[in-house]
Amino acid sequence: MSDFAQTVKQQADIVKVIENYIRLRKTGAQNYSGLCPFHKEKSPSFSVHAVRQFYHCFGCHVSGDVFSFVAKIENVGFPEAVRIVAQKSGIPLPKREFSSPEEAAEARQRAKLLELHETATAWFEEHLRGPEGAVAREYLAGRGLSAEGIKTFRIGYSLDSFNALRDRLSGMADNETLRASGLFASKEQGDGSQGPIYDRFRKRVMFPIANESGRIIAFAARTLETGDKAGAKYINSPETPLYSKSQVLFNLDKARTAVRQADFALLVEGQMDCISVFLRGIQNVIATSGTAFTGRQVDLLHRHTSNVVVNFDPDTAGADAAEKSIALLTEEGFTIRIVMLDGGLDPDRFIRERGVEAYMAAVRGARTQSDYLIERARAAFPGPGAEQKVKQINFLLPHIRRNPEKLVRDQFASDAAQKLGIDSAMLREELRQAALKRRDHVETRARALNEVERVLLRALAITDPDDEQARRLAAEAIARQPEWFEHLGMFQALQALAGRQANDPMDVVADEAQRALLAETLLQEVKPPELREVQSAIQELQERALVSRLRDLRTLLAEAERRGDFAEVAVLMKQKLELDRALRLLHQDPV
Ligand SMILES: [Zn+2]
């Protein structure tokens, strides 16, 4: 670890850094816990040790320090993680060093692309305010957006020109970078090469798309034309080094705090709906932009909450995407409720027509997913006939199976049986089977530690000089008689810990499973062991070693006697007597 990384590690508070990503609750003198961001769960098994500055999950057994947390959750390498932690902790960065010229070039390009997007955003904003922006302003006013709201979302307008933005940005970056920004398009030439670039967005209302830290990385652009000339209603930035559609949730940057506070996210379909709902004070709202959720987006959301209230219109073109999103969220253990607005209105129109209070009431009254699906099953296959019942059940079975929690499936199945009036024993059995089956996650609990291992781990992890004696006792015993410890599952960890200098205990254990067990032990036991406990642990191991040696001797003795090798018998007898004596002594006084 570099000096800078060391400094950052000493100054950063792991609890504060992790709280940027997930909610933590204080659960002990030194511990905090929350829902693990690395696996799906409903009750918190993710712990952070505030004193020792590490995290550990009792569910999926990941553990590490503040850097490994950030590296994992941000999906970045170690140097980048150090940088992020430094930034979050207000520690000034040294001049940046890169591990390779490619990395340096990439970072330069990213920085430049962000700068281009920032400048473009300001440029679009300016034109929305200018004379050319009149029609766009009218459109936005018609959607109920105030000047304040326009400013909040930095909405802008792109001129009706093929080169206005290009001329504005061309002094800032080379042609290759401009192409990479996605702000421009070009036509393929006869020889297969790309022709000159021109403005991609023309005469459109520009909605910036930000990443989770609020930097603008792309745009969604809505046409103001109608008729043949209009083209697609919305066009979006293409995939670029900054922007990948499947990795962004619209408005998460602004919504994240409110999502955590409310402990649910309100999910709407379109950006305009999202903006409209947000500006009316419901700030925990995000949008998918009409496509189905990806695993990456689910992960993004899972860091902040496990509850989603979905407000999609099930009868629109987006219904398919909505259904897929709901399916994926269900599989990932989200609790989902569904808002149905009267008259099939979208959120934006509903709020404009009936007011925000009515909308909030609808959100509060959102139905559980099972109620909603049962209702849909009934609507799709109406009628009392047995055949219809079978179809209704078949519609529901995949949804039931999809739920990772057995309890939820049970409830769902029995609700369905009751609400659909299923009295056929066979159909009831099918429902029951659907609730039963399904890959209930297998508990991959790591091997439990025995008491001796726990005491030794705690002793060897001592960092307080006041308790040094216990640490030294254990370390010296391992160095002197490694054979007493060899059979322990944690032997490698114990040896590494015994040999550690001033390092952090969590840093010296290389094996991931062993490190996880160490983390669990340290989280469970707040105090270091007393000297007496360490002594008796070592004594127990010594005794086990003696007993095991004694057992071997008896076997050897029996063989020697059978062979009639009395010289050998004499030697072995002598050894046995010594062992017996050692064992007796052991029981009289401790080492
Ligand atoms: Zn976990």
Side-chain angles (χ1 to χ4, degrees), residues 1 5-6 9-10 14 28-32 47-58 61-69 445-548 586 589-591:
M1 215 183 277
Q6 286 286 13
K9 192 167 174 176
Q10 276 157 16
I14 192 170
Q30 311 181 328
N31 298 2
Y32 289 76
S47 300
V48 183
H49 200 298
V51 177
R52 291 185 183 272
Q53 294 282 300
F54 69 82
Y55 66 93
H56 175 70
C57 173
F58 288 88
H61 307 286
V62 294
S63 54
D65 62 10
V66 64
F67 299 138
S68 95
F69 179 88
R445 266 209 62 72
R447 186 184 62 84
L449 293 178
N450 60 41
E451 186 52 29
V452 166
E453 283 172 311
R454 265 202 298 275
V455 169
L456 291 171
L457 283 174
R458 284 162 57 211
L460 291 168
I462 285 171
T463 45
D464 187 342
D466 287 349
D467 300 311
E468 175 62 16
Q469 217 186 338
R471 195 195 71 80
R472 217 169 37 225
L473 180 66
E476 283 170 2
I478 291 172
R480 206 174 52 235
Q481 314 267 191
E483 67 278 9
W484 293 355
F485 301 84
E486 266 163 5
H487 64 281
L488 295 173
M490 292 294 279
F491 179 58
Q492 280 167 312
L494 292 171
Q495 241 187 347
L497 286 168
R500 96 187 143 91
Q501 303 298 316
N503 331 37
D504 196 332
M506 288 292 289
D507 288 345
V508 300
V509 179
D511 182 83
E512 213 170 307
Q514 298 201 354
R515 196 170 57 232
L517 289 166
L518 170 64
E520 288 185 10
T521 308
L522 296 180
L523 281 164
Q524 281 158 350
E525 317 271 355
V526 178
K527 285 189 311 226
E530 289 178 23
L531 199 57
R532 186 181 40 78
E533 286 178 87
V534 181
Q535 281 168 338
S536 77
I538 296 171
Q539 187 179 330
E540 191 179 326
L541 289 174
Q542 184 187 6
E543 183 176 344
R544 262 191 248 169
L546 291 176
V547 169
S548 143
L586 199 58
D589 54 19
V591 271

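By convention here, the first residue in the shown sequence is residue 1.
At distances below 3.5 Å, at least one donor-acceptor pair connects side-chain atoms of Asn31 with backbone N or O atoms of Leu523. Between the Gln30 side chain and the Val51 main chain, no donor and acceptor come within less than 3.5 Å of each other.
Considering every non-hydrogen atom in both Ala475 and Leu460, the closest pair reads N-CD2, 3.7 Å. Nearest approach of Arg500 to Ala461, heavy atoms of both residues: NH2-C, 3.5 Å. Summarising the geometry of Ala459 relative to Ala470, their closest heavy-atom pair is CB-O, 4.1 Å, with the distance given to 0.1 Å. Scanning all heavy atoms of the two residues, the minimum distance from Ala477 to Phe485 falls at O-CE1, 3.5 Å. Taking every heavy atom of both residues into account, Ala493 and Gln514 meet most closely at N-OE1, 2.9 Å. In terms of heavy-atom proximity, Ile14 sits nearest to Val66 at CD1-N, 3.6 Å.
Separation of atoms CD (Glu453) and CG (Asn450) is listed at 4.0 Å; rounding is to 0.5 Å. The CG atom of Asp511 lies 11.5 Å from the CG atom of Leu518; values are rounded to the nearest 0.5 Å. For the atom pair OG (Ser68) and CZ (Arg515), the distance works out to 7.0 Å, reported to the nearest 0.5 Å. Taking CD1 of Ile538 as the reference point, atom CD of Glu533 lies at 12.0 Å (rounded to 0.5 Å). Atoms CZ and CD, on Phe69 and Gln53 in that order, are 13.0 Å from each other to the nearest 0.5 Å. Going from atom CG of Leu494 over to atom CD of Glu486 covers 12.0 Å, rounded to the nearest 0.5 Å.
Here the side chains of Glu451 and Glu540 are not in contact, with every heavy-atom distance at 4.5 Å or above. Leu473 places a side-chain heavy atom less than 4.5 Å from the side chain of Gln535. The shortest distance between side-chain heavy atoms of Arg52 and Thr463 falls below 4.5 Å. Using a 4.5 Å cut-off on side-chain heavy atoms (C-beta onward), Glu520 and Leu517 make contact. Under the 4.5 Å side-chain criterion, counting only non-hydrogen atoms from C-beta, Phe54 is not in contact with Asp504. Taking 4.5 Å as the limit, every side-chain heavy atom of Gln481 sits out of range of all side-chain heavy atoms of Leu541. A 4.5 Å side-chain heavy-atom check between Thr521 and Met490 finds every atom pair outside the cut-off.
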Q. Run the side chain to side chain contact (heavy atoms under 4.5 Å, CB included) check on His487 and Arg544 step by step: do they pass?
A. CA-CA 10 Å; His487 64 281; Arg544 262 191 248 169; 3.3 Å; yes
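Classification of the His61-His56 ring pair by plane angle, with boundaries at 30° and 60°, yields tilted.
Around CD of Gln6, the count of heavy atoms belonging to other residues, nucleotides or ligands within 6.0 Å exceeds 12. Counting non-hydrogen atoms of other residues, nucleotides and ligands closer than 6.0 Å to CD of Glu483 gives a total above 12. The number of heavy atoms from other shown groups lying within 6.0 Å of CD (Glu468) is above 12.
Looking at Arg471, Arg458, Arg454 one by one, the single match for side-chain contact (heavy atoms from CB on, under 4.5 Å) with Pro529 turns out to be Arg458.
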